[in-house]
Amino acid sequence: MTTSAVRQLATLLGNDGVVTDPVELGVYSYDGGLDRGTPETVALPRTADDVATAVRWAIEQQIPVVARGAGTGLSGGAVAEHGGLVLSFARMDRVTELDDVALTAAVEPGVVNAILDQHAAAHRLYYPPDPSSGRACTVGGNIAENAGGPHCFKYGITTRYVLALDVVLADGRSCRLGSEAHDAPGYDLCGVVTGSEGTLAAVTSAVLQLVPRPAAVRTAMVEFDSLRAAGDAVSAVIAAGLVPAALELMDRQIVGIVEQYVQAGLPTDAAAVLIVDVDGHAGSVGPQLDVLTALLEATGARRVRVAEDPSEAAEIWRARKCIAGAFSRLAPAYYTVDATVPRSQMAHALELVDEICAQLGVTVGHVAHAGDGNLHPAMLLDPRDRGQVERVLRASTEFLEEVARLDGSITGEHGVGIEKREYMPLMHSPTDLSAMLDVKHVFDPHGRFNPGKMFPAATAPARKVDPAPVTGDIFTPTSADDAAAGLAWLSNANRTVHIRGAREASPHDGGVVLCTEALRGVHRMAPDDLYVTVGAGTPMRELDDIVSAHGLQVPLRAPWGDATVGGVIAANVNAPMHTRYGRVRDQLLATTVALADGRIVRMGRPVVKNVAGYDLPKLMVGSHGTLGLMIDVSLRLVAQPRARTTVEARAHDLRQACALASAIYRRACMSAGILVTMEAGLETRRAPTVICTFEGLAEDVEAEVLMAREVLGDLEAVEHRRGGPSASAHWAEWIAMTDGALVRVGVPLRELPNVSEVVLGADGTTSIVADVGGGTVFAHATAPPDGWLSTVRAAAEALGGYAAVMAPELRDRDRIDRAGRPPGGVDLMWGLKRRWDPADILGPADLPFRRRDEIAEGDLP
Amino acid sequence: MTVPPEAPSAALLDSAFVAGVDQCVRCGLCLPSCPTYLVLKNETDSPRGRISLMGAAAEGRIPIEGAFTQHIDRCLGCRACEVACPSGVAYGHLWERARVATTQRVPIRGFRALVRWVLLRVVLPNRRALDALARLGRAANVLRIPALTQRVPSVPRSVQVLASLSPPRRELKPRSSRRVASVAGSEPVHVFRGCVQPAFLPEIHEATHRVLAASGKRVHEPEHQTCCGALHLHLGEPELARRLARRNIDAFAGQPGPIVSNAGGCGAMLKEYAHLLADDPSYAAAARQFSDSIRDVSELLTVSRREPPAPIATRVTYVDSCHLRNVQKVTDAPRALLRALPGVELVELARPDLCCGSAGVYNLLEPDIADRVLDEKVADLRRADPDVVVVSNPGCFLQVARGVRDGGMRARVVHLVELIDELQTETEETTS
């Protein structure tokens, strides 16, 4: 890099926008971890254009681009190990929009996590991911690392809240990945960029989902006489189906250190302390605490101290959030291990760390996001004592090896970065890594973005199963090997493959129907760990029966009676329960996938916190069987709600119905579905209806029912009553009864009434069920007029949404265009498809977006 | 891109200093607490960045001249980062050492050096010089010279700022009983006078005496005391600061009871005497005792709530003095007093922890950054929309008053003791 090149960048961004003095560059050589690397230049962009300019400049200079937020990361993600350009997002720190209808925030990446939540709080909204560095770390960094935090036990990690990302790609182009409209057709590139540690693209803004802020929060501190007792208590809480907002564990060592610093009156003589948050409506937090206290005391808690007021609660949390720095009072440095184990293994894992550390003479303290099984053993060290550093690293290695054996993750929330990259093979086979590297090559073929991060220096070649011939038109694999061998053979034979849950006549194109019925059954039901692993060909009904016997549920509901688990995931269709439980993408923890080239890839792990590499399971959601065959899937389990109540209201017209539903959505924390429905027929009979279902603790549900009825009364609904089928049941029944054209239309929520009007048209032949919150309208027309789909699609696309065809009748390529406008990053989707299915045999009729050759040159994005 | 090696400055090369720097684990939690980081958004101007520069300088990896000096000098010294730091890094002490290094290595020349010499050695420690200067300032005010300087572009920015800081003619409410307390209380307190405040803002000094007396204190003000030395220390002249510290310790020697300060910055410095003179065998013990007896005036006052409570007549916003908040850790006492005052509604700022940009003479040395820091404070004040802005340090007083005036706000700026004095006197008058 020449001086004139640097001068050129300074001209582009302004002198104030670049750092070039070698002395000053040293200030950008570290993050919160132990790795170091000095950049050659730092850019301080103020706009997305500045970012694109800087990235294009770096491409010309052929130097690495390393994104940086506040530099609070712990795995070296923001460290410019190979020099190059650091893009500091500190100056892009605005919340640009807060949508009070859709409950979303558009933010620049440099906005501080806690500041975003403050903005949300001003609107009585909540941004739940809250890493311990929340008062300093940036949302951009959170997205890069897919950050967690204490409240993820109840609310999920960052990726659940990322709807769309504006990015600058490795060729300097800008585009939007994902969509404000939920579940837009296409591969979930937004989901894979989230957690990609800055190795795929530079994010310039994000649209984030917020949720209504719980009215009340109470905090308690629970003391135990042993670590094991604390671990057991956590398991008991989970087994009882209680969902505290947070469950944080600290051991005696940590409590002692932190108490010195904060003087919050922590019990320094307890062997372990749990910090428990419960949230909900004012009337529910008290009873929640009572139930919890009784349970904890019954399982060995020595004392439960409930914070009397918010300031006492704040003190307790301040203590928890100060742990990181407080260590430095004991030793010049410390090494925080970050790993997740299945919850039931937590007590075992904690003891194991103590054993390993005792053997190696390493001092260790424990903190853990206990509800998630996410452990942070902190090992004290003096960086100048080489021997000690080596012992600490050996302790960490031994522990992580065991974590991998327990089917956990070598990093739950800190990321791989530099720190853990050589540990990746503990968890991922060379084949798994090859699938991740495919993603990297598709996004960033020249390795511009954050080179060297996340992947080990060298990996063994991927294993490909030898092809085995498939005879006949129907292929029914019985195992991953069987499937991969058959797919490899079919790839060589260049025969198309249509993945179906049930047997079906072979298609006209001479291809093969791949039937998943032999990939059926429960592999592992782990109620303590809150996951279930089943064959992808397992019918949803069968799964429901098994998990409900344990008082649990998989928050997926099939619209079709014979749907398989794999089918629901591949189609990315679910009942409107996401407001309470998250979308389909949030349920899939792990999956084993047979790729068409004979590779078998294990994606994800059956733990809710796992950021070891790209979040590949996201790509399978909504992939319609075009990327690979899911062999088995691990799904998140949640407790069955203790109470469920539905409120139904009739409105004067569609607009009023949408307004009523929106007002309830705006305030409901416990809604498990809010629908607006309108039947086909004469104007007078169409009676727009609002159906809201609330699930959870009885007190919360009652409070929300009251709230909903108050809203319905205030806004003058025609009539409203309690009872009726739940929103999800209504949705499923309605879809099951449809016959003819069925289209899923998604728009940003504020456009729901507008798009619904277009969908309904004037002739009364269309009926709709609109999922408020998702911004999704399911539209059914028995005899759609010519051009109906085009009209609907044009309207949806004009409003920033999409229209996807669901019913087979409309999937016939000869009659109708399945895919609308190409989604952002469609070229990356083509690229990924080419990598994972090189012979292009999978689902030729099912691709959720158009092929390259189907798009006129002028329409290319 | 290599940095020429050079010998580290003697002032930095000290094992205690290096240990202090090493205590920083670079977690970055200090960043949002730093006013210069918030306005510049460059990590070179953040606490963690400065500490890393100090480490590099101490190890001789970077020169003192240039970027190091620039970023050390740009620090306000507000010490908000110390409160944010979970590792307990003593940033303030490290920074003071770094300032010594920059002062030694990067000599200030010419007119600036002369001003500095006169200010630190002649003016600040000398009451009569200060009074004379204050009279000059008032005369200049009458002649509208400050306004004039703003209009002449060739006047240096720091002079313009200085002129705009000269104390405004103050509209104190007429008071029938502008008397120093006639009733002698029983508890002795010893008032630390300070330097700039009694000369330029004498009303604060007078009010301090009255409110202490009204709280039942026997107020005493020892002769021979002098400037606290904070400016000297922060401008990299620790020896001058020690000289003043010894004079003050001598002046207050043998007096039982608390020493009371009404200036957040001075009080913090007085509390630091123990640290400053820790290596001085003949003064270390006395310095410890002296520092232990320092109290902020707000900690010694009592305001009795009156029943029935008076209707809310005044929205008051309290602007913390950084050194009162971050070094002396006094945040609740002034607020409690304000809440107890009749008719007062206390309206908090969104970021009460942020400096106003005064920071001793920072606003004269780094006027542009100081103005941006002040802009943030004024924007926050505007959101709070108070009738009265209460401060507890003379630097804050002048800076905030300037910000409020230039920002076109209608709020009145007063010292805490002035408001207490005013409202208590009013109540006494109405009740008697």
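Values below: all heavy atoms of this structure, side chains included; hydrogens, waters and symmetry mates excluded. Each chain gets a letter, A, B and so on, in the order its sequence line appears, and its residues count up from 1.
You'll find the side chain of B/Y318 stays beyond 4.5 Å of the side chain of B/R339, heavy atoms only. Side-chain atoms of B/L94 and B/V89, non-hydrogen and from C-beta on, do get closer than 4.5 Å to each other.
Between chain B and the options A/L44, A/V27, A/L74, heavy-atom pairs under 4.5 Å are most frequent for A/V27. Of the listed residues (B/A84, B/A350, B/S46), the one with the most heavy-atom contacts under 4.5 Å to chain A is B/A84. With chain B as partner, the option from A/G33, A/G73, A/G32, A/A90 having the largest number of non-hydrogen pairs under 4.5 angstrom is A/A90.
In this structure, chain A has no heavy atom under 4.5 Å from any part of B/C30. With a threshold of 4.5 angstrom between heavy atoms, B/A19 does not approach chain A through any atom at all. Only the side chain of A/R384 comes within less than 4.5 Å of a heavy atom in chain B; its backbone stays farther off. For A/V42, no part lies near chain B; criterion is any non-hydrogen pair under 4.5 Å. Contacts of B/R50 with chain A are absent, with no heavy-atom separation under 4.5 Å from either backbone or side chain. For a residue to count as touching a neighbouring chain, one of its non-hydrogen atoms must lie under 4.5 Å from one of that chain's; by this rule B/I51 does not touch chain A.
The shortest non-hydrogen separation linking A/Y28 to A/V19 is CE1-CG2, 4.4 Å. Between A/R386 and A/P383, the shortest heavy-atom distance links the atoms NH1-O, 3.9 Å.
Of all residues spanning residues 323-331 of chain B, none has a heavy atom less than 4.5 Å away from chain A's heavy atoms.
In this structure, a donor-acceptor pair under 3.5 Å is absent between the side chains of B/E43 and A/Y30. Remark: the A/E413 side chain and the A/H376 side chain contain an N/O donor-acceptor pair separated by less than 3.5 Å.
Although no hydrogens or angles enter the test, the distance criterion places no donor-acceptor pair under 3.5 Å between the side chain of A/D31 and the main chain of A/V79. Listed for the B/T69 side chain is a donor-acceptor partner under 3.5 Å among the backbone atoms of B/I64.
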- Task: Would you sort out whether B/R372 and B/D375 count as a salt bridge (Lys or Arg N to Asp or Glu O under 4.0 Å), showing the intermediate values?
- Result: CA-CA 5 Å; B/R372 290 175 66 178; B/D375 288 346; over 6 Å; no
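In this structure, B/D332 does not pair ionically with B/R335, as no charged nitrogen and carboxylate oxygen lie closer than 4.0 Å.
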